[in-house]
Amino acid sequence: MSKDGTVVALRTYTDVYLYTAPDGDVAKALTTTPIRVPLPDEPQGEAIAFDAAGDLISGSEAYQGPLPPLRILRGASDIALSGGTTSSLGS
C-alpha cells in the first residue's frame, strides 16, 4: 500500500495490479478495476513495495546466480489515481 494509503499494489509473477483506495479500505479497493502493469521477466519475482514518493519497486530472488536489478515505476501512485496507463517497470 502506498504511504498515503490511497493505492494498493498486488503482484503476480507476471504483472502488478494497481488499485485505488481513496478511503484506505483495501477490501473495497480490490473490488475496483485495477491498472495492469506488466513486469519484466524475473526468475522469482515476489517482492513489491512503494517508496515514500509513490514509486513502485519490484524485486526478485535468483537461484545460484546474481540478483536481478530492482525495477522502479516512477509515479505509480499518481498513475493509479489518475486512471492512467503504463507499459512496464524499468530498471
Side-chain angles (χ1 to χ4, degrees):
M1 182 171 250
S2 62
K3 181 179 178 180
D4 65 3
T6 60
V7 180
V8 175
L10 179 66
R11 183 191 172 128
T12 68
Y13 282 116
T14 59
D15 302 290
V16 172
Y17 295 89
L18 299 175
Y19 296 86
T20 57
D23 58 2
D25 186 339
V26 174
K28 187 176 176 182
L30 295 178
T31 66
T32 65
T33 302
I35 294 173
R36 180 180 161 267
V37 180
L39 293 172
D41 186 28
E42 295 178 317
Q44 286 183 278
E46 296 175 354
I48 198 77
F50 283 100
D51 67 10
D55 300 332
L56 194 66
I57 302 167
S58 168
S60 178
E61 297 178 63
Y63 180 71
Q64 295 183 346
L67 290 175
L70 293 176
R71 310 287 180 162
I72 301 173
L73 175 60
R74 303 273 179 213
S77 289
D78 293 336
I79 290 168
L81 293 172
S82 70
T85 59
T86 182
S87 57
S88 66
L89 270 81
S91 51

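Taken to the nearest 0.5 Å, the CG atom of Leu81 stands 4.5 Å off from the OG1 atom of Thr6. In this structure, OG in Ser2 is found 11.5 Å from CG in Asp55, a value given to the nearest 0.5 Å. Considering CG of Asp78 and CG of Leu18, their distance stands at 11.5 Å, rounded to 0.5 Å.
Between Ala9 and Phe50, the shortest heavy-atom contact is CB-CE1, 3.7 Å. A pairwise comparison of heavy atoms in Leu56 and Ala76 identifies CB-CB, 3.6 Å as the closest pair. When all heavy atoms of Gly59 and Leu70 are compared, the pair lying nearest together is CA-CD2, 3.8 Å.
A single hydrophobic cluster is seen to contain both Val7 and Leu39, as judged by linkage of ILVMFWY side chains at heavy-atom distances under 4.5 Å, directly or through other members. Note on Met1 and Leu10: same hydrophobic cluster, where clusters join Ile, Leu, Val, Met, Phe, Trp and Tyr whose side-chain heavy atoms are under 4.5 Å apart, directly or indirectly.
Under a 3.5 Å cut-off, the side chain of Arg11 and the backbone N or O of Ser58 do not form any donor-acceptor pair.
Using a 4.5 Å heavy-atom threshold, the side chains of Pro38 and Arg36 count as touching.
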Could you pull out all donor-acceptor pairs under 3.5 Å where a side-chain atom in residues 19-26 meets a protein atom, sequence neighbours excluded?
residue: Asp23; atom: OD1; partner: Asp25; partner atom: N; Å: 3.1
residue: Asp23; atom: OD2; partner: Lys28; partner atom: NZ; Å: 3.4
residue: Asp25; atom: OD1; partner: Ala27; partner atom: N; Å: 3.2
residue: Asp25; atom: OD1; partner: Lys28; partner atom: N; Å: 3.1

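The only member of Val37, Thr12, Thr33 that meets side chain to side chain contact (heavy atoms under 4.5 Å, CB included) when paired with Tyr17 is Thr12.
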